[in-house]
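As structure tokens, the structure follows; a few thoughts come after it.
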2 protein chains.
Amino acid sequence: MITDKKERVIEAAALSFSQFGFKATTMASVAKIAKVAKGTIYTFFDSKESLFSTILERTMKQLRQAADTAIQEEAAFHENIQAMLDAILGFRENHQLLIKMGQEAKELGTAEVLEILTQVERQILDYIKSVIMKEKAKGIVTKHDPELLAFLVYKIYIALISDWERQHEPLPKETISEIIRAQIH
Amino acid sequence: MITDKKERVIEAAALSFSQFGFKATTMASVAKIAKVAKGTIYTFFDSKESLFSTILERTMKQLRQAADTAIQEEAAFHENIQAMLDAILGFRENHQLLIKMGQEAKELGTAEVLEILTQVERQILDYIKSVIMKEKAKGIVTKHDPELLAFLVYKIYIALISDWERQHEPLPKETISEIIRAQIH
DNA sequence: AATTGACCATAAATCGTTTTTGGTCATTCG
DNA sequence: CGAATGACCAAAAACGATTTATGGTCAATT
């Protein structure tokens, strides 16, 4: 059955991309793990890139879901933003594929993978933006427009969590909350 | 006269490092430009690295000066912070050596140059911190401690100027001021 | 019609060779 | 005599020819 094979290919590819990265994953090995011939993969996907895109899209969907469940209809705006950021960062830190992409970008520095990471960031920003817009529709007033606010909040959060810890003790959760909250007004 | 030769070496090295970067600058060419023998350089400096350090230190001194002159004793805190950040970024954008280091880090990605850039950033952060502490001594109250505030302000400023512009129209000066100002309280 | 895997062009890794480079030091020079 | 030189050296980097690995195709097979 067609779907069965396609599923197997996706599963094998997801495993391999997560474990070895984009470059070190070969179509031959994906075929072998999926127990199909190499040619078969090309009946489902145009190229290695498009196969990868499918995996990435699936991962981004999971990320959106993780973020969605962190949001509570009745909670305060700033609490939701905070919870969502935690969920996103937690996901990023735990999901093997995104970790591997980060490593690969640093080690190999290929334009290809760099491009992928910008795309991931773009999608995360879009998601944050959509959350902000939903809150805005509920009547909350923000100082800046959603695009800028999403950008600000995300960049600051990353800076406080990742960059800061490269040279300092981790900041207490309350300090981070307070700073993020201050951006929202 | 000894100083004369040493000056020539420094001048030649500054030129070459700025123009070609660290790796592409050879001790032989520095010697040639400075019109000294290669061995002579080693009577003043222990290694290529230490020669480079001298140049970098000189550049950082200039940067501190540029920032210093941007600060007005009688101006408001947030105005001084803003003026100082503008001065630092302007300097970074105009000073050939720092530009070249940035390019080299991106292209070659060598640990050596990466290390240099972290050092530069560390120094800039220290400078901003010292400015904040001076203001604090004058009685201004800040919400966060100077190290954290310096970090926040600098990261946000860079994000708003450099990162934002990679995908958006530049932000109006007033917006940036407003955001930076909001961090200070 | 779906699937396969031998096949191909090209990209990437390998490896021996040559060139370049940072650094030294015996010799020269002022 | 001390400062300055540049031939010299070991090690690193650049080169280039050759081999290997890889993404993608397609005639043959199921």
Side-chain angles (χ1 to χ4, degrees), chain A residues 1-56 100-101 104-105 107-116, chain B residues 1-56 100-101 104-105 107-116:
Chain A
M1 179 218 270
I2 193 173
T3 320
D4 177 31
K5 281 191 178 167
K6 189 171 178 184
E7 260 330 298
R8 288 214 310 272
V9 167
I10 291 178
E11 216 40 64
L15 196 74
S16 183
F17 282 133
S18 300
Q19 208 163 113
F20 308 117
F22 181 81
K23 201 182 167 200
T25 290
T26 70
M27 295 305 263
S29 88
V30 170
K32 199 173 176 188
I33 297 171
K35 284 178 190 149
V36 292
K38 190 148 59 101
T40 307
I41 300 180
Y42 287 90
T43 65
F44 305 129
F45 303 96
D46 291 344
S47 63
K48 188 181 178 184
E49 254 104 25
S50 98
L51 172 57
F52 179 81
S53 283
T54 302
I55 312 291
L56 183 64
K100 201 68 208 175
M101 288 302 111
E104 208 174 337
E107 280 159 30
L108 298 238
T110 94
E112 206 147 31
V113 179
L114 254 298
E115 172 57 34
I116 290 168
Chain B
M1 181 218 267
I2 193 173
T3 320
D4 178 32
K5 280 189 180 170
K6 188 171 178 182
E7 259 331 299
R8 287 214 312 270
V9 168
I10 291 178
E11 215 40 64
L15 196 74
S16 184
F17 282 132
S18 301
Q19 208 162 114
F20 307 116
F22 181 81
K23 201 181 165 203
T25 290
T26 70
M27 295 303 264
S29 88
V30 170
K32 199 173 174 188
I33 298 171
K35 284 178 191 148
V36 293
K38 189 149 59 102
T40 308
I41 300 180
Y42 287 89
T43 65
F44 304 128
F45 303 97
D46 290 345
S47 63
K48 190 181 177 183
E49 255 104 24
S50 97
L51 172 57
F52 179 81
S53 283
T54 302
I55 311 292
L56 183 64
K100 201 68 207 174
M101 289 302 110
E104 208 174 338
E107 281 159 28
L108 297 243
T110 94
E112 205 147 33
V113 180
L114 254 298
E115 171 57 33
I116 290 166

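In what follows, chains are A, B, ... by sequence order, proteins preceding strands, each numbered from 1. This one's a predicted model, so the numbers in the text were calculated from it and none came from an experiment. Just so you know, these numbers use all the heavy atoms, side chains as well, and skip hydrogens, waters and symmetry mates.
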- Under the side-chain contact (heavy atoms from CB on, under 4.5 Å) test, which residues partner A:Thr110, sequence neighbours left out? A:Leu108, A:Glu112, A:Val113
- Message: With salt bridge (charged side-chain N to carboxylate O under 4.0 Å, His left out) as the rule and sequence neighbours excluded, what pairs involving residues 10-35 of chain A come up?
- Response: A:Glu11-A:Arg58
- B:Tyr42 OH to C:dT21 P: how many Å, rounded? 12 Å
Nucleotide N/O of nucleotides 4-6 of chain C paired with protein N/O under 3.5 Å:
{"unit_1": "C:dT4", "atom_1": "OP2", "unit_2": "A:Ala37", "atom_2": "N", "d": "3.1"}
{"unit_1": "C:dT4", "atom_1": "OP2", "unit_2": "A:Thr40", "atom_2": "OG1", "d": "2.5"}

- Whole Å only: how far is the CZ atom of B:Phe45 from the C1' atom of D:dA3? 16 Å
- Query: Mind checking what makes ring pair (Phe, Tyr, Trp, His ring centres under 6.0 Å) contact with B:Tyr42, not counting sequence neighbours?
  - Reply: none
- Query: Would you say the side chain of A:Thr54 lies within less than 4.5 Å of the side chain of A:Phe44, judging by non-hydrogen atoms?
  - Reply: no
- Query: What is the distance from CD1 of B:Ile41 to C1' of C:dC25, rounded to the nearest Å?
  - Reply: 16 Å
- Message: Within residues 19-29 of chain A, which residues have any heavy atom lying less than 4.0 Å from an atom of DNA chain D?
- Response: A:Thr25, A:Thr26, A:Met27
- Query: Hey, does the Lys NZ or Arg CZ of B:Lys6 hover above the aromatic six-ring of B:Phe45, less than 6.0 Å from the centre and inside 45° of the axis?
  - Reply: yes
- Interatomic distance, B:Lys48 NZ vs C:dT24 P [rounded to whole Å]: 15 Å
- Item | With B:Ala28 via side-chain contact (heavy atoms from CB on, under 4.5 Å) - residues at least two apart | B:Thr26, B:Lys38
- List in chain and number order the residues that pass side chain to side chain donor-acceptor pair (under 3.5 Å) with A:Lys100, two or more places apart in sequence or in another chain; answer none if no residue qualifies. A:Gln103
- Can you list the residues that meet the side chain to side chain donor-acceptor pair (under 3.5 Å) rule with B:Ser16, with sequence neighbours excluded? B:Thr25
- Taken in chain and number order and not counting sequence neighbours, the residues that satisfy side chain to side chain donor-acceptor pair (under 3.5 Å) with A:Ser18 are none
- Query: Once you round it to whole Å, what is the distance between P of C:dA2 and NZ of A:Lys6?
  - Reply: 13 Å
- Query: In whole Å, what is the span from the CG atom of B:Leu51 to the C1' atom of C:dG23?
  - Reply: 13 Å
- Query: Tell me: NZ of A:Lys32 to C1' of C:dT3, nearest whole Å?
  - Reply: 19 Å
- Take atom CD of B:Glu49 and atom C1' of C:dG23, then tell me their distance rounded to the nearest Å. 12 Å
